[in-house]
There are 2 protein chains.
Amino acid sequence: MSFDGQLPPKTRLLRAAAELLAKSAGGAVSTRQITQLAGVTAPTLYHHFGDKEGLFDAVVAAGFEEYVAGERDFAPSGQPLEDIRRMWDNHVQFGLKQPELYLVMFGNIRPESRPAVVADAEGLMEEMLNKAAVTGQLNVPPREAARSILAANVGVTLMLITEKAPERNLELSTMTRDAMIFAVSSDQAKSSSPDSSGKSSVVVAAIALNAALQASHSDQLSSSELKLFLEWLHRISTSSTS
Amino acid sequence: MSFDGQLPPKTRLLRAAAELLAKSAGGAVSTRQITQLAGVTAPTLYHHFGDKEGLFDAVVAAGFEEYVAGERDFAPSGQPLEDIRRMWDNHVQFGLKQPELYLVMFGNIRPESRPAVVADAEGLMEEMLNKAAVTGQLNVPPREAARSILAANVGVTLMLITEKAPERNLELSTMTRDAMIFAVSSDQAKSSSPDSSGKSSVVVAAIALNAALQASHSDQLSSSELKLFLEWLHRISTSSTS
DNA sequence: CACTTCATATAGCGTTGCTATAGGTGCTAG
DNA sequence: CTAGCACCTATAGCAACGCTATATGAAGTG
C-alpha cells in the first residue's frame with residue numbers, strides 16, 4: 001500500500017501523488033499525505049520538484065504522455081475528419097476514466113495563464129486538422145478549428161464529469177462532437193455559386209493551399225516572396241464572407 | 001476602501017468577499033483577508049455563512065442574479081434561436097467581465113457534484129429552447145440541446161479566460177456558437193458532397209485556388225496584389241511535385 | 001584522505017480554515 | 001425595572017497546511 005520499496009524517492013513521490021490524486025474525490029491533496037505515503041520527508045519533495053505545483057505538473061506530464069499515446073494509437077485512417085472524431089472520443093474517455101487527473105490538467109483554470117497541456121493538446125489537434133486542410137476538407141484555418149473543437153471538447157468533458165457515473169449520457173458528447181466537426185468542414189450544403197452563404201470556395205481553397213504550402217518546403221518562391229504570399233493567403237483565409 | 005460603515009456585518013462580508021475575489025488574480029482568498037476588510041472577526045463569518053464555501057456560494061448567488069438579469073434583459077425577440085444566440089454571447093461577456101467570479105461559478109468542478117448554478121443556467125437555456133421546440137425549429141429534445149449548448153458555451157468561455165485579454169479572439173465564440181445552434185436546429189439543408197479521395201498536394205490546391213479566385217470577385221487583395229499573387233500561383237501550379 | 005556534490009532528515013515558521021468559549025446587545029415577560 | 005432569553009460578535013487558540021533554514025549522510029573525485 002505504500003511505496004517504501006527500493007525505487008528512487010523521486011519516482012515514489014510521483015506515484016504517491018498520482019495515487020492520492022486519483023483517490024481523493026475532488027478534495028485537496030496535501031504534501032504531508034504525499035510524503036508520508038512515499039515514505040519521505042518534506043524537503044525531499046521540494047528538492048526534486050521545487051514546489052507542490054511542480055510535483056503536480058510532473059504528474060500531469062506523465063498523464064499527458066498517456067493521453068497523447070491514446071491520441072496517436074490509431075494510425076491515420078486516411079480520413080482526417082474521422083480521426084478527429086476519435087481524438088474527441090479519446091479525450092472524453094480519458095477525462096471520464098481519470099477525472100481527478102483530468103481536472104488538474106484541464107480544469108485548473110486561472111485567468112490569463114494557459115496551462116502548457118492545453119497548448120499541447122491544441123497543437124496535437126491542429127496537426128491532425130492540417131491533414132484535413134490540405135485535402136480541402138476544411139472551412140476554417142486549422143488553428144481556429146482546433147481551438148474551437150478543443151474548447152467544446154473540454155466543455156463537454158467537464159460537464160460529463162460533474163454528472164454521476166450511472167447517469168452519464170454520452171450522446172451529449174457525440175452530438176456536440178459531430179456539430180463541431182460539421183461546422184468546420186467544407187463538406188456542407190452549398191450551392192454552386194461561390195458567393196452563396198457560407199465560406200466561398202476561394203476561402204476553402206486558400207486554406208488548403210496554405211496548409212499544403214507549409215507542409216511541403218516548396219522552392220518555387222523565394223523566402224521573401226513566400227512570406228508575402230502567405231500573408232495574402234492568410235488575409236483570404238480569415239476573411240468572412242459578408 | 002473598507003466596509004466599516006454602518007451596514008450589517010453580513011452585507012459587509014459579502015461585499016468584501018466579492019471585492020477581494022474580483023481583485024485576486026486567480027489566487028486564493030483567505031477568510032482572514034475577508035474578515036479584516038469587512039472589519040469583522042472570524043466567528044461572525046461562520047455564524048452567518050457556516051463555511052468559507054457557504055460565503056462563496058452566497059457571493060455566487062448574488063453574481064448569478066446579475067447573470068440571470070442579463071439573460072432576461074432582452075425580451076423574447078420572437079425568434080427563439082436568435083435569443084439563444086444572445087444568451088450565449090451574454091454568458092461569454094459575463095465570464096470575461098468577471099473572470100474570477102465566473103471561475104468560482106463554473107470552473108470549480110468536482111467529480112459527481114454539479115454546482116447548483118450550472119443546473120440553473122441549464123434550466124434557463126432549456127426554457128428558451130422550449131419556445132423554439134414548440135414552433136418546430138428544434139432537431140433535438142430541448143433538454144439535450146440545452147446541455148450540449150451550455151457545455152460548449154462554458155468550454156469556450158473558459159478557454160477565452162485563459163487567454164490574455166488583448167489576444168482574445170471572439171470569433172472562436174461566434175463560430176462555436178453558430179455551430180451548436182445550427183446542429184440542434186431543424187432547418188438544415190442536408191446534402192452530401194462528392195468526396196474525392198485525398199490525393200491533394202500543393203499543386204492541386206493551388207490550381208483549385210486559382211480557379212476559384214478567378215471565378216469570384218474577391219476584394220481581399222488589391223488589383224496589383226492580385227496580379228502578382230496569381231503569377232506566383234501559376235508558378236506553383238505548373239511546378240513539378242517534389 | 002580531503003573535498004565537493006548531491007540527497008535526505010530535523011525542526012520549525014507563518015498562514016490557513018475553523019471553533020470552544022464567553023461576553024455584549026436588544027427584545028419581551030413579569 | 002428587571003429578569004430572562006435569543007441573537008450576534010469577540011478573544012484566543014487548535015490542527016493542518018505549504019514551505020524552508022539548517023544540518024547530516026552518502027557518493028564520487030583529486
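What you see is a predicted model; the values in this text were computed from it and never measured.
- Between L13(A) atom CG and dC19(D) atom P the separation is 14 Å, expressed in whole Å.
- When atom types are taken as modelled, the side chain of K131(B) and the backbone of Q79(B) share no donor-acceptor pair closer than 3.5 angstrom.
- When the side-chain nitrogen and oxygen atoms of H47(A) are compared with OP1 and OP2 of dT8(C), none of them lie within a distance under 4.0 Å.
- Rounded to whole Å, the distance from CZ on R12(B) to C1' on dC8(D) is 12 Å.
- Side chain of R32(B), nearest nucleotide from dC14(D), dA21(D), dA10(D): dC14(D).
- Atom CG of L55(B) and atom P of dC18(C) are 10 Å apart (whole Å).
- Along DNA chain D, the nucleotide closest to P9(B) and the one closest to A42(B) are compared, and the more 5′ of them pairs with P9(B).
- Considering only side-chain N and O atoms, Y46(A) lies under 4.0 angstrom from the phosphate OP1 or OP2 of dC19(D).
- Salt bridge present: E163(B) and R147(A) bring a charged side-chain N and a carboxylate O closer than 4.0 Å.
- Rounded to whole Å, the distance from NZ on K52(B) to P on dT19(C) is 14 Å.
- As a whole-Å value, the separation of Q33(A) CD from dC19(D) P is 15 Å.
- The nearest heavy atom of DNA chain C to P43(A) and to L45(B) marks one nucleotide each, and the one closer to the 5' end goes with P43(A).
- The CG-C1' distance, from D51(A) to dC19(D), rounds to 9 Å in whole Å.
- The existence of a salt bridge linking R85(A) and D178(A) is confirmed by a sub-4.0 Å separation between a basic side-chain nitrogen and an acidic carboxylate oxygen.
- Taking only side-chain nitrogens and oxygens, T41(B) never comes nearer than 4.0 Å to OP1 or OP2 of dT9(D).
- For the salt bridge (Lys or Arg N to Asp or Glu O under 4.0 Å) test, residues two or more places apart in sequence or in another chain that qualify with R143(A) are E126(A).
- Ionic pairing of E167(B) and R114(A) is not present here: no N-O contact between side-chain nitrogen and carboxylate oxygen is shorter than 4.0 angstrom.
- When the side-chain nitrogen and oxygen atoms of H48(A) are compared with OP1 and OP2 of dT8(C), one or more of them lie within a distance under 4.0 Å.
- Between the CD atom of E53(B) and the C1' atom of dT16(C) there is a distance of 16 Å, given to the nearest Å.
- Residue contacts for A28(A): at a heavy-atom cut-off of 4.0 Å it reaches no nucleic acid atom on any strand shown.
- Residue contacts for S30(B): at a heavy-atom cut-off of 4.0 Å it reaches the sugar-phosphate backbone alone, with no base atom in range.
- In this structure, of dT20(D), dT9(D), dT8(C), it is dT9(D) that holds the atom nearest to the side chain of T44(B).
- Rounded to an integer number of Å, the gap from L20(B) CG to dG17(C) C1' is 16 Å.
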